[in-house]
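For reference, the structure discussed in these notes is given below.
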Amino acid sequence: MFKKLFSSSLFRSMGVYTTSNFINMAIPFFLMPIMTRYMSPEDYGITAMFQVITGFLAPFIGLGMQDAINRKYFDRDRIDLPKYIANCLMIVAITAVIASFTLYFFSNQISKIAFFPQEWLWGTWVVAIGQFLVSLVLGLWQVQFKSILYSIYQVVMTLANMVLSLWFIVGLDLKWQGRLEAQILVVVVFGLLGLFILYRQGWMNFTFDYGYAKDALKFGLPLVPHALGGIIMTMTDRIFITTMVGITDTGLYSVGAQIGMVIALIEGAFGTAWGPWLFERLKRDDTDKTKSTIVKMTYLYFIGLFILTIGLSMIAPWFLSFFIGEKFVGAGKFVFWIALGNAFGGMFRIVALYIVYVEKTHILATITFVSAGLYTISNYLFISWHGSLGAAQSFAFIKFVFLVLTWILSNRVFQMPWMILKK
């Protein structure tokens, strides 16, 4: 059974996704020594807050439509998928307009809370929309196991982003403004390219269907608090560090987080391949034997994540001492806790898939929102006790809580033989 699985589309796809994610990581990673010498920790702090605001807008604009489309792909024999996709795009067009007015009328308040220049807020709206279109195309390729197209699109986009960033920051000396301009320009181009690809591949049939729109909202809306909770967990630490310690520490934290993201990139590659494979496998072969094999593979993966986390944490301080400028050496203290949190996040992604499979996404929304509330409290307390390092510790702690709650509820809606090791 294992031999068959290791030669299956899951592991072929995972290999491509892993390679793609490592290239994706390597491009900005190896450019970091240049960036840290032309940008200050404060510049990094501003670019980090740009990502936070963009991430906060994204769930309200996307409303979980991409996840609805990815799930309905497996029911394409019963629905008109191009019409379903088009109805999702109509919904996103409406939410984008609403978000633009909200951003305009509350721009002053948002700018003060996030310590971000008010005149650049428009860019967060543009990037949020562009990222939705990009993720929609990537999601469709993912569920079709078109990992090569997925990887090429993703890597070329990242490469374009970093080339433009270098030109604007190093060549034109635009500092953080150049970094934001590069991101905005690239996302606009690739977002429009994504729309063109959807059109050319026949994935859009713009006929309004109340039933499809209602179904998409029923599936996607419960994911908004889930996504929002995740964004709050990304946003809270940076806002608290900025207000309680200073934006310079926010920049250091962002660099440390980028190193810790190595674990997130690895688990992201596995999760991207695992999700479609798991759904297809459960739909075709829902036997006890198959479930036992899946659980064993899952535990092996979890052990692998822990080993990688420890290895990265041991290497990081030595690596950072010569890799980045002296201004950013303080980022090393965050790596272990962020890597550990990302490992727990990777485990969560796996157990949460069973909840998505049975289409009970409201459970994820509840768990994420509760965890986000706890994260806000724990962030404040941990930062009060341990300074900016407390944010990283709080991140790992809450990710663990998140994993445990999801695992328990996941097994209630779709039972798997998780206690197999006791047999």
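No hydrogens, no waters, no symmetry mates; every other heavy atom, side chains included, goes into these values.
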By side-chain contact (heavy atoms from CB on, under 4.5 Å), which residues pair with A213, not counting sequence neighbours?
N87, I91, F208
Looking only at the side chains, is there a donor atom on one of Y38 and D173 sitting less than 3.5 Å from an acceptor on the other?
no
Answer yes or no: does atom OH of Y301 have more than 12 heavy-atom neighbours from other residues, nucleotides or ligands under 6.0 Å?
yes
Hey, does the side chain of Y299 reach the backbone of W418 with a donor-acceptor pair shorter than 3.5 angstrom?
yes
Counting only heavy atoms from other residues, nucleotides and ligands, does the tally under 6.0 Å from CZ of F397 exceed 12?
no
State whether F414 and K291 meet the cation-pi test: NZ (Lys) or CZ (Arg) under 6.0 Å from the six-membered ring centroid, and within 45° of the perpendicular axis.
yes
Compare all side-chain heavy atoms of V187 with those of V126 and state whether any distance is below 4.5 angstrom.
no
Drop me the distance from L138's CG to K146's NZ, to the nearest 0.5 angstrom.
13.0 Å
Over all heavy atoms of both residues, which pair between I69 and L81 is shortest? Give the atoms and the distance, please.
O-CD1, 4.5 Å
Value for CG (N70) from CE (M65), rounded to nearest 0.5 Å, stands at 11.5 Å
Rounded to the nearest 0.5 Å, how far does CD1 of I169 lie from CG of L172?
10.0 Å
State, to 0.1 Å, how close V245 and S388 come at their nearest heavy-atom pair, and which atoms those are.
CG2-N, 4.1 Å
Short question: side chain of Y354, backbone of R412 - any donor-acceptor pair under 3.5 Å?
no
State, to 0.1 Å, how close E267 and N342 come at their nearest heavy-atom pair, and which atoms those are.
CG-O, 4.1 Å
Checking side-chain polar atoms at under 3.5 Å, does T124 have a donor or acceptor matched by the opposite partner on T54?
no
With side-chain contact (heavy atoms from CB on, under 4.5 Å) as the criterion, how do L136 and L89 come out once you've worked through the C-alpha distance, each side chain's angles and the decisive distance to 0.1 Å?
CA-CA 10 Å; L136 178 53; L89 287 172; 3.8 Å; yes
Restricting to non-hydrogen atoms, name the atom on F302 and the atom on W407 that form the minimum distance, rounded to 0.1 Å.
CE2-CH2, 3.7 Å
Answer whether the closest heavy-atom distance between the side chains of M162 and L166 falls below 4.5 Å.
no
Hey, does the side chain of S111 reach the backbone of N108 with a donor-acceptor pair shorter than 3.5 angstrom?
no
L252 CG to L389 CG distance, which is reported to the nearest 0.5 Å
12.0 Å
Quick check: do P117 and I46 have side-chain heavy atoms less than 4.5 Å from each other?
yes
Surrounding CD of E119 (heavy atoms of other residues, nucleotides or ligands, distance under 6.0 Å), is the total greater than 12?
yes
Dump the intermediate steps for salt bridge (charged side-chain N to carboxylate O under 4.0 Å, His left out) on K72 and D215, then the final yes or no.
CA-CA 10 Å; K72 288 302 175 182; D215 181 85; 3.5 Å; yes
Candidate pair W120 and Q177, rule side-chain contact (heavy atoms from CB on, under 4.5 Å), full reasoning
CA-CA 9 Å; W120 280 89; Q177 294 93 333; 3.9 Å; yes
Side chains of F56 and Q51: closer than 4.5 Å at any heavy-atom pair?
no
On a heavy-atom basis, the closest approach of V335 and G256 is CG2-O, 4.0 Å
Can you name the closest pair of heavy atoms from A391 and D237 and give their distance?
CB-CB, 3.9 Å
Flag the pair Q183 / L180 as yes when at least one side-chain heavy-atom distance between them is below 4.5 Å, and no otherwise.
yes
Output yes when a side-chain donor or acceptor of W125 lies under 3.5 Å from a complementary backbone atom of A96, and no otherwise.
yes
Check whether any side-chain heavy atom of W141 sits under 4.5 Å from a side-chain heavy atom of I148, and report yes or no.
no
If I take atom OG from residue S100 and atom CD1 from residue I129, how far apart are they, to the nearest 0.5 angstrom?
7.5 Å
Could you go through I398 and F344, starting from their C-alpha distance and side-chain angles, then the distance that decides it, and tell me whether this counts as side-chain contact (heavy atoms from CB on, under 4.5 Å)?
CA-CA 9 Å; I398 292 299; F344 289 140; over 6 Å; no
Quick one: are F336 and M314 in side-chain contact, heavy atoms under 4.5 Å?
no
So how far is it from I152 CD1 to L159 CG, rounded to the nearest 0.5 Å?
13.0 Å
Those residues at least two apart in sequence (or on a different chain) that pass side-chain contact (heavy atoms from CB on, under 4.5 Å) with A396 are W337, L340
So do the side chains of V92 and L63 get within less than 4.5 Å of each other, counting heavy atoms only?
no
Could you label the plane-to-plane angle of the F196 and Y199 rings as parallel, tilted or perpendicular, counting under 30° as parallel and over 60° as perpendicular?
tilted
Begin from the C-alpha positions of I98 and F60 and carry the test side-chain contact (heavy atoms from CB on, under 4.5 Å) through to its verdict.
CA-CA 9 Å; I98 296 172; F60 292 107; over 6 Å; no
Checking ring pair (Phe, Tyr, Trp, His ring centres under 6.0 Å) for the pair F402/Y375: CA distance, chi angles, key distance, verdict?
CA-CA 10 Å; F402 199 21; Y375 187 52; over 10 Å; no
Under 3.5 Å donor-acceptor, T309 side chain and L305 backbone:
yes
Check for me whether the distance between the ring centres of W176 and F50 falls short of 6.0 Å.
no
Return yes if a side-chain donor-acceptor contact under 3.5 Å exists between R179 and T47, otherwise no.
no
